[in-house]
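Start at 1 and go down the list; that is how both ligands and their atoms are numbered. Since the model is a prediction, treat every value here as computed from it, not as a measurement.
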Amino acid sequence: MVEIVLTAPATEMSNHHGKEFLGFGTCSPPTVIPSWFIKTFFYPKVKCKNGEVTQAPYGLRKIESLLIDAGFDVVTVHPYDIEKHLDEAKVVGISVMDPLGFGPVSVTFSAILGGDPSTHIEFINLMKKIEPYRKRVKVIVGGAGAWQFEWNEYWKSKVDCIIIGEGEYVVVVDVFRKALRGEELPKVVKGKPAKVEDIPTIKKPSINGLVEISRGCGRGCRFCSETLKMKRDIPIEKVVEEAKVCVRETKGVILHAEDVLLYGCKDPKFVPNEEEVLKLFRAVKSVSEYVSVSHCSLAAVVAKPSLVEGINEIVGMGERISMFGVQTGLETGSPRLMEKHMHGKCLPFHPNEWCDVVESAFSIMHENRWIPAATLIIGLPDEREDDVIKTIELVERLREYCSLIVPLIFIPMEVCALRRERLFTRENFRDYHYELMAVCMDHNIYWIDRIFKEYFKGYKNFLIKLGYWAFSRWIKKNWEKRRKELKITIKNMIGG
Ligand code: SF4
């Protein structure tokens with residue numbers, strides 16, 4: 001009898017067709033884009049064997065590992081199958097990224113398209129399934145989006161315990177043990193940063209082979225949830241061990257850190273430690289044919305362009321791999337806002353050099369087939385018209401570099417240093433904000449065909465590829481035909 005069931009909303013229990021980037025699509029509300037399309041193309045159900053998922057969100061795999069090491073029997077299942085396990089279960093642990101739709105991507109998509117993001121809809125669907133068993137089953141939530149419960153009393157009351165922060169520091173095992181004994185649980189538990197030696201290795205594959213190489217960041221941007229965590233690097237042996245676990249089920253490995261290029265970096269000016277990073281890549285490459293990266297900072301690219309080239313050589317860029325899609329933060333074109341809210345993000349450069357750093361990084365990445373998916377922030381505290389105009393000018397400078405640029409609305413998350421600041425709402429939108437959104441969209445439309453071609457090169461599932469191709473055509477045609485109207489539409493939706 002398995003008393004602990006682990007799961008996550010269906011939007012997270014998917015490998016997004018093996019294309020991690022497509023996970024962003026799960027933040028779309030089913031309004032303009034129909035629900036069936038979002039489900040089919042952005043979060044198909046992950047494969048299951050003997051009732052268990054074959055891949056699960058990385059954070060959930062860590063929790064699973066902690067509980068197994070502590071001697072508990074655990075089963076990790078897809079939310080659509082959870083009812084089969086609830087007759088016997090005493091505790092359900094749910095990993096959440098964006099359960100209530102307060103994440104920056106969801107808020108932005110919902111502001112433009114109207115409606116609830118799919119992430120929130122799938123969380124509600126999951127809770128509905130558990131509801132009939134709630135007298136007997138305790139519900140514990142945790143993960144990167146757990147802070148969102150602090151903003152909604154209704155949903156806070158619907159769960160037994162919310163774990164915010166890292167789970168390794170005794171927290172998780174204690175809470176689950178108490179839950180199994182039927183004891184009353186504290187409503188909110190705040191986990192402290194774990195020591196590297198207390199972080200367990202995962203025992204089963206994560207979604208798309210994601211493996212954490214560093215935790216925390218250290219640059220200290222005041223709008224970011226990583227601000228409050230210190231940076232720790234996971235030893236190479238542990239990374240390789242996890243990579244081996246993943247490739248049993250996934251095509252390759254995605255090395256994850258807030259900045260992959262800063263692995264092993266101890267320099268206070270954040271100049272990458274080239275030797276350490278290349279050593280890591282070589283080690284992972286020895287166990288996985290395909291190695292890619294999740295995030296990097298633009299400043300690190302410019303500080304060590306040779307590192308980008310060195311990584312490309314190891315992974316076989318242009319041969320085995322056609323491109324890297326890398327998430328990064330462009331944030332703003334305003335040196336004043338850089339200085340005020342994210343001074344450390346520019347290091348080893350100065351905030352006054354930020355626009356040049358961004359352009360140089362885009363240029364280096366373009367030449368090396370690294371395609372940035374760069375986010376910028378609309379509505380940072382104390383933002384002025386002049387700051388937004390500088391950002392528009394910067395985006396225009398980047399036109400010749402293959403990339404996606406995604407504007408996101410500032411959210412004062414509970415876990416960041418700006419949490420006491422005001423929420424940027426529709427009333428705060430001005431004409432120059434719409435102009436910024438339109439300029440970003442122009443940029444993305446300009447590159448959409450090339451990105452589609454590179455991203456799906458060698459992709460075998462013809463129907464899915466065709467669906468995405470049709471989708472990209474639809475976006476492009478609509479934007480080209482109705483740019484002016486769409487700008488008014490965005491304005492009406494956000495302003496109305
Ligand atoms: S560099 Fe990125 S991860 Fe690090 S604090 Fe800034 S926004 Fe957060």
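Heavy-atom proximity to Arg219, at under 4.0 Å, picks out these atoms of ligand 1: 1 (S). Shown in contact with Phe223 at under 4.0 Å from a heavy atom are these atoms of ligand 1, numbered in order with element: 7 (S). Atom numbering of ligand 1 starts at 1 in the shown order; those under 4.0 Å from a heavy atom of Cys221 are 1 (S), 5 (S), 6 (Fe), 7 (S). Shown in contact with Glu258 at under 4.0 Å from a heavy atom are these atoms of ligand 1, numbered in order with element: 3 (S).
Within the structure, salt bridge (charged side-chain N to carboxylate O under 4.0 Å, His left out) pairs that include any residue of residues 322-351 comprise Glu331-Lys345, Arg336-Asp382, Arg336-Asp387, Lys340-Asp382 (at least two apart or interchain).
For atom 8 (Fe) of ligand 1, the set of nearby N, O or S atoms under 2.8 Å includes none belonging to Cys217.
Residue-ligand proximity: Lys345 is placed with a non-hydrogen atom under 4.0 Å from ligand 1. Residue-ligand proximity: Gly220 is placed with a non-hydrogen atom under 4.0 Å from ligand 1.
Residues passing the side chain to side chain contact (heavy atoms under 4.5 Å, CB included) test with Asp386 are Lys390, sequence neighbours excluded.
There is a side-chain donor-acceptor pair under 3.5 Å between Asp233 and Ser214.
For NZ of Lys244, the number of neighbouring non-hydrogen atoms (other residues, nucleotides, ligands) closer than 6.0 Å is 12 at most.
Counting heavy atoms from C-beta on, the side chains of Met342 and Trp354 never come closer than 4.5 Å.
With respect to Glu289 and Arg320, a salt bridge is recorded, a charged nitrogen being found less than 4.0 Å from a carboxylate O.
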